[in-house]
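As a basis for the values below, the full set of heavy atoms in this structure was taken, side chains included, without hydrogen atoms, waters or symmetry mates. Per chain, numbering begins at 1; letters A, B, ... match sequence-line order.
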There are 2 protein chains.
Amino acid sequence: MSGPPVNTTVTRARELAEAVPPENTGPRPRPTIRNVAERAGVSKSLVSLVLRGSPHVSEHRRQAVLQAARELGYRPNAVARSLVEGRTHLVGALVADLHNPFYAQCLDGLQESLHGDGLRLLIGNSQWDPAFEDEAVEAFLELRVDGLVLLGIAPTSDTLIEATGYTPTVVVGERDIELGSVDVVVDDDQLGARLAVDHLVEFGHRRIAHIEGARSSSGRFRCEGYLVAMRRHALAPYIMVEQSECTEEGGAAAAHNLLTRDPRPTAIFAANDAVAIGVLSAAAELGLRVPDDLSVVGYDNTHLAGTQPISLTTIDQPRRAMGRSAAALLSDRIGDPGKSSRLRQVTPQLVARRSTGPARP
Amino acid sequence: MSGPPVNTTVTRARELAEAVPPENTGPRPRPTIRNVAERAGVSKSLVSLVLRGSPHVSEHRRQAVLQAARELGYRPNAVARSLVEGRTHLVGALVADLHNPFYAQCLDGLQESLHGDGLRLLIGNSQWDPAFEDEAVEAFLELRVDGLVLLGIAPTSDTLIEATGYTPTVVVGERDIELGSVDVVVDDDQLGARLAVDHLVEFGHRRIAHIEGARSSSGRFRCEGYLVAMRRHALAPYIMVEQSECTEEGGAAAAHNLLTRDPRPTAIFAANDAVAIGVLSAAAELGLRVPDDLSVVGYDNTHLAGTQPISLTTIDQPRRAMGRSAAALLSDRIGDPGKSSRLRQVTPQLVARRSTGPARP
DNA sequence: GGTAACAATGCGTGATCCAGAGCTGGTGTC
DNA sequence: GACACCAGCTCTGGATCACGCATTGTTACC
């Protein structure tokens, strides 16, 4: 070697970035395991042994290899490694809607846990478009991901069903998956609905309406839970259900329908936070004060619900925990595919804020 | 062939998924190009030609190959392909905070455009942790992504700087990047700040305060724009600046400081929407009505700002456009690395909502 | 001479690319 | 008219990519 080998690591990056003239020819070719071997004066297999932490290597050579790798800025090529290993250590997560903070937080939990298992997370978002779903999954399959996580997406299309046959898969937030080899993580929507109704009943409400989220299995379960809870409190005569899209606008429209009835409900349990915020808007428009004239409960405890001006009472799903559960199931299934399907149900909790209060007759 | 070749595609997926017994041995081995070649009675090279759309293939063989591929459910192995092609067609996006809807929408624009260039998007989120940043970039480099997009992250660590030397890189939402080979996409923060001040001045406000977002280059630029605009309106004597973290809590605290001064400002221009929402909370706590007693302007036009109960006047950055710009720059740089650095500045717009109104002395 | 302890060689992974083989039909030469 | 030659198209085999692993090879020490 020519130069002094002192403390090369820290300053190397900057050197590398600045050594190239402005009109450079682009990225240098990356060093391979061969270059490292050459520089260290050993065979490429030995480099592999060192980098994979084999104990059967002399300290002297190990140091030589490590230093050569450092000096060259060597990074093993995951592509080549995957090819020969037959697995990529990648997990593809397909998200129905990246903007929904609910999924974002699930992803946090997922990433956190997968990281511990040496798996990396790729994220694709379908933006609720089945064509994008298929395309994204197709991409994941071509990339040969080791596992698949579907967030808010049920495997109903042929492409997705086929994918579950090829790749270990976990579904988060959707129920009624009939495939034998797919695990499912959901929260107990029925319990969540019961918590909401109980909370309102404790405040003395009786005319408690529900806005059901259309086209989602959890929407159905929440509605089911609402009905059961209302009957349990002997409030069956006061049951009122309105359907709505899971959006602010949908919620506002549905709430308008409910609040212009006579007698109008004194409390509304909405399918999720977005819908609940729509309810708040409708109430404001009708001159109803929250919580004095109307109590509102949402579902999901999204970031929105926590902001001071909104301060929405809502049902919190332990999202990170759901992500972690999904990761655990997936790692397990990757290790031993061909297990039969499992269902993990996590427990939701009520978060009381300022949108609920005592009923005033 | 044995069975009738009718409509195999549609039903195949379901067959595949259901043909396996519950206690199966896990995913079947995936068919390779060799299997397809064998089944079609041609060489593997020809299969490659067909699948890559070469014109120099007879229609007869082409059909045979395509059918064999279909029957086997063949999907090219992106790993092997990347290895030999020397590029992965992957772009790694590193996001400071996936929960921030601002970045989520940038990603939409990015994905949209990259898709058109045959590039796929991998998303990593650093959760504001520099260690995660380095790790995620390390992962991207090992995966040999063709390009890198940094959203809200400036390449300051050695790992990141080194990465920009190896891989075409575009930075979104951070300024002051001194690296010669990195493109930058930002909005014109100074103009945005001017729009906010002008809007408030039109409403007759003079005591307009600013809450500056700490530790971010755009925070500095927005503050700069505020100062310039105030001076231009001859309102230099009324300049009031308070520093704050870019969070709701930080905004509330800073607003509290401002609003307990005497005389207090009649309008506050906040560094971003989260801070502005903190301002709304603080105002509510102090019994100040918005916009009657206090006008508030945010920045970013996040989803929060648009919800009815909040209805925040704010500066909209064309996020999708920023994403698209970033994609264009990146594709360009991937095609021709070694270009010198470019800066794209997009134009923000004011979105007037109910948090601003006429000044009342 | 036997046995550790290590180093070097070579094969396999799935796809692409390149050089070239086989075939066909057309052209030129004797 | 017979033969060689050529161009162009279609198709094939082998080299290649970077790495991991199993096998073989080489010391050195007892």
Does the salt bridge (charged side-chain N to carboxylate O under 4.0 Å, His left out) test come out yes or no for B/Glu142 and A/Arg120, once each step is laid out? CA-CA 12 Å; B/Glu142 287 192 8; A/Arg120 266 197 254 295; 3.7 Å; yes
So A/Phe132 and A/Asn125, do their side chains get closer than 4.5 Å, heavy atoms only? no
Under 3.5 Å, is there a donor-acceptor pair linking the side chains of B/Gln63 and B/Gln67? no
Verdict with supporting geometry, B/Asp183 and B/Lys339, salt bridge (charged side-chain N to carboxylate O under 4.0 Å, His left out): CA-CA 9 Å; B/Asp183 299 324; B/Lys339 293 202 163 185; over 6 Å; no
Overall bend of the helix from C/dG1-D/dC30 to C/dC30-D/dG1 (five pairs an end, 10° steps) is 80°
Pick out the pairs of N or O atoms, protein on one side and nucleotides 21-26 of chain C on the other, that lie under 3.5 Å.
none

Near DNA chain C, under 4.0 Å by heavy atom, which residues of residues 47-55 of chain B? B/Ser48, B/Arg52
Quick one: are A/Leu143 and A/Thr88 in side-chain contact, heavy atoms under 4.5 Å? no
Is the number of heavy atoms from other residues, nucleotides or ligands under 6.0 Å of B/His89 NE2 greater than 12? yes
With a 3.5 Å distance limit and no angle check, can you tell me whether A/Thr164 reaches the backbone of A/Ile161 through a side-chain donor-acceptor pair? yes
Starting at CG of A/Leu329, measure out to OG of A/Ser113 and round the result to the nearest 0.5 Å. 10.5 Å
Atom pair distance, as rounded to whole Å: CG in B/Leu46 and C1' in C/dC18: 15 Å
Would you compute the distance between atom CG of A/Leu141 and atom OG1 of A/Thr159 and round it to the nearest 0.5 angstrom? 8.5 Å
Is it true that a side-chain atom of A/Thr167 and a backbone atom of A/Gly147 form a donor plus acceptor pair closer than 3.5 Å? no
How would you give the extent of chain A contacts on DNA chain D, as first and last nucleotide 5' to 3' within a 4.0 Å heavy-atom cut-off? D/dA18 to D/dC21
Quick one: does A/Asp117's side chain have a donor or acceptor within less than 3.5 Å of a partner on A/Leu114's backbone? no
Give every residue pair that meets the salt bridge (charged side-chain N to carboxylate O under 4.0 Å, His left out) criterion with at least one member in residues 73-87 of chain B, sequence neighbours excluded. A/Glu138-B/Arg75, A/Glu162-B/Arg75, B/Arg52-B/Glu85, B/Arg87-B/Asp146
Side chain to side chain, B/Val149 and B/Val172, heavy atoms closer than 4.5 Å: yes
Do B/Val145 and B/Leu148 come within less than 4.5 Å of each other through their side chains, counting heavy atoms only? yes
Can you name the atoms? Protein N/O to nucleotides 10-14 of chain C N/O, anything below 3.5 Å, with the distance.
| from | atom 1 | to | atom 2 | distance (Å) |
| --- | --- | --- | --- | --- |
| C/dG10 | O6 | A/Lys44 | NZ | 3.3 |

What's the spacing between B/Ile123 CD1 and A/Leu98 CG if we round to 0.5 Å? 5.0 Å
